[in-house]
2 protein chains.
Amino acid sequence: MTGMTAPHTSFSPADNPRLGLRERKKIKTREAIRTAMYALVTEQGYDATTIEQIAERAEVSPSTVYRYFPTKEDIVLTDEYDLLILEELRARPADEPWPVSLRHVMHRAIRLGAKDDPVVSRLRTRLMVEVPAVRSRMMESMSSTGRMLRRAIGERTGRDPDSLEVRVYAMSIVGGLMETSMYWAEQEHEPDFNALVDRALNVIEHGLPPENH
Amino acid sequence: MTGMTAPHTSFSPADNPRLGLRERKKIKTREAIRTAMYALVTEQGYDATTIEQIAERAEVSPSTVYRYFPTKEDIVLTDEYDLLILEELRARPADEPWPVSLRHVMHRAIRLGAKDDPVVSRLRTRLMVEVPAVRSRMMESMSSTGRMLRRAIGERTGRDPDSLEVRVYAMSIVGGLMETSMYWAEQEHEPDFNALVDRALNVIEHGLPPENH
DNA sequence: CCATGAAATGAGAGTAGCTCTCAAAATCTA
DNA sequence: TAGATTTTGAGAGCTACTCTCATTTCATGG
């Protein structure tokens, strides 16, 4: 969620030899396509990169590319955070206040994301800011993140996850956090993301702080 | 903003005879294209409707359609609310508390939107919920609505509109209100939208209310 | 009222994302 | 090793969208 870099299935293909050859090959192909795309986008930019080129460099057919990814944007934008966050939220003690849980989980997710290749991370968030189609797809995923979050809130607080209140609450969190990652990307990833998220959650919890200047 | 139905340039072409013939024709063409699209979408659904069909029914060439609207989604989704809301916000007394202003302005916007053709309104919000491409485009416009809103907040509170805090605050409002209109559409537009917006703003201002059951 | 300039339109070609189908190739299972 | 199953490649096809250029339509000053 929030559009930060995702730790997309980082099995090395060599790992997990217990997986059948078929499965291992699939993982390898997925990675090959992604890698090809990242390289081409770095070289030529997003729009100038065609599926055909990606297929060629990944040594697969264009059909195969589409079999692995529904859209071009999805090749750069995979977010496995949602499930991860949901699990982590469930793992928090049930009596912990909700905002505290959320904070913990966000920090944890960031830590996991940081393990990822930082070059790819930055490329991805940059594309999010720069390429409308990518940002758009990202935002599209907000809806599903919102659904996930409201389910979590429902479980946690015993509220109806489909009530307007819970939905609005969840979506305002998602919106705020997404803005945070765009901010982070626009600042060239220079500030500490953890600190930004804390400030963002403060605003969401308590509204705008009194002016300081 | 918030994805509710927009009062898209509702001049009847006959109006404003002081406009040159050229201008009047342009307005007429715009309306013709929109009307054609609405009709076709109602008959066949969004995806089944092609630009060529729209052009044919509107009695213009496909090129012309693209000259008037950058994308197919934009034919159904025009949002002139942003500017309107910005103006209204500026018109509120400077010493009025921000949340109060926001509430007033939202209600006013809804009232204006209600003047629009309700059939078209409903069609539009339905498409927003049902057609991914439309929803996606809608969400894309959230970014610009967010920018507008943070500028307004900046003017109003003297804060830096580009600070993380203001940005997050603005975006959480936008996210919450967008969720509200999706909720409204999903409920078949049956609840009173004003009431929903009030509940949503309550949540955004004060967080989730204590449980009631 | 007409001639000249400017703007809007139409026709058409072209690109690329995405879908679908079907046959060939690769992997799994017995 | 044979047969069943899955994955892949090739290719045709659709449509959104872009660009170019000739033609038509409107505006305006004489």
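A, B, ... follow the sequence lines: proteins, then strands. Residue 1 opens every chain. Computed from heavy atoms alone, side chains included, the values below leave out hydrogens, waters and symmetry copies.
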S.K.: Side chains of R103(B) and E205(B), heavy atoms from C-beta outward: is any pair under 4.5 Å?
M.R.: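 Yes. Closest side-chain heavy atoms under 4.5 Å.
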S.K.: Between dT27(C), dA16(C), dA16(D), which nucleotide has the shortest distance from any of its atoms to the side chain of K25(A)?
M.R.: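 So the side chain of K25(A) is nearest to dT27(C).
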S.K.: Are a donor atom and an acceptor atom from the side chains of R124(A) and Y38(A) found within less than 3.5 Å of each other?
M.R.: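 Yes, because at least one side-chain N or O of R124(A) sits under 3.5 Å from a partner of the opposite role on Y38(A).
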S.K.: How many Å lie between CD1 on I75(A) and C1' on dC18(C), as a whole number?
M.R.: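 That distance rounds to 12 Å.
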S.K.: Tell me: CD1 of I54(A) to P of dC18(C), nearest whole Å?
M.R.: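 Taking CD1 of I54(A) and P of dC18(C), I get 10 Å after rounding.
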S.K.: Given atom CD1 of I27(B) and atom C1' of dA8(C), what is their separation to the nearest angstrom?
M.R.: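 Taking CD1 of I27(B) and C1' of dA8(C), I get 15 Å after rounding.
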S.K.: Please report the shortest heavy-atom distance between Q53(A) and T49(A), naming the atom on each side.
M.R.: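 Closest pair (atom of Q53(A), atom of T49(A), distance): OE1-CA, 3.3 Å.
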S.K.: With a 4.0 Å heavy-atom cut-off, tell me which residues in residues 55-73 of chain B come close to DNA chain C, sorted by residue number.
M.R.: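 Of all residues in residues 55-73 of chain B, the ones placing a heavy atom under 4.0 Å from DNA chain C are V60(B), S61(B), S63(B), T64(B), R67(B), Y68(B).
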S.K.: For a quick test of reading the model, state the closest non-hydrogen atom pair linking L177(B) to A200(B) and the distance between them.
M.R.: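 So the minimum-distance heavy-atom pair works out to CD2-CB, 4.5 Å.
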S.K.: Please give, in whole Å, the distance from dT5(D) C1' to K26(A) NZ?
M.R.: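 The distance from NZ of K26(A) to C1' of dT5(D) comes to 12 Å, rounded to the nearest Å.
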S.K.: Here's a test of your reading of the structure: between T49(B) and E23(B), which maps to the more 5' nucleotide of DNA chain D?
M.R.: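 By nearest-heavy-atom nucleotide position, the 5'-most residue is T49(B).
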S.K.: To check you understand the geometry: which heavy-atom pair defines the closest contact between Y183(B) and D162(A), and what is its length?
M.R.: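 Looking at all heavy atoms of both residues, the shortest contact is CE1-O, 3.6 Å.
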S.K.: Output the rounded distance in Å from CD (E52(A)) to C1' (dT19(C)).
M.R.: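 So the CD-C1' distance, E52(A) to dT19(C), works out to 16 Å.
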S.K.: So, do L83(A) and M148(A) sit near enough that their side-chain heavy atoms are less than 4.5 Å apart?
M.R.: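 A side-chain contact under 4.5 Å is absent here.
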S.K.: Once you round it to whole Å, what is the distance between P of dT18(D) and CD1 of I51(B)?
M.R.: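 So the CD1-P distance, I51(B) to dT18(D), works out to 10 Å.
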S.K.: About how many Å separate CE of M142(A) and CD of E140(A), when rounded to the nearest 0.5 Å?
M.R.: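 Output value for this atom pair is 10.0 Å.
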S.K.: Rounded to whole Å, how long is the line connecting atom CG of D74(A) with atom P of dG17(C)?
M.R.: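 Distance, rounded to whole Å: 14 Å.
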S.K.: Just compare dA16(D), dG17(C), dA26(C) and give me whichever is closest to any side-chain atom of T50(B).
M.R.: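 It is dA16(D).
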S.K.: For the pair made of CZ in R22(A) and C1' in dA26(C), what is the distance, rounded to whole Å?
M.R.: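 Spelled out: CZ on R22(A) to C1' on dA26(C) is 7 Å.
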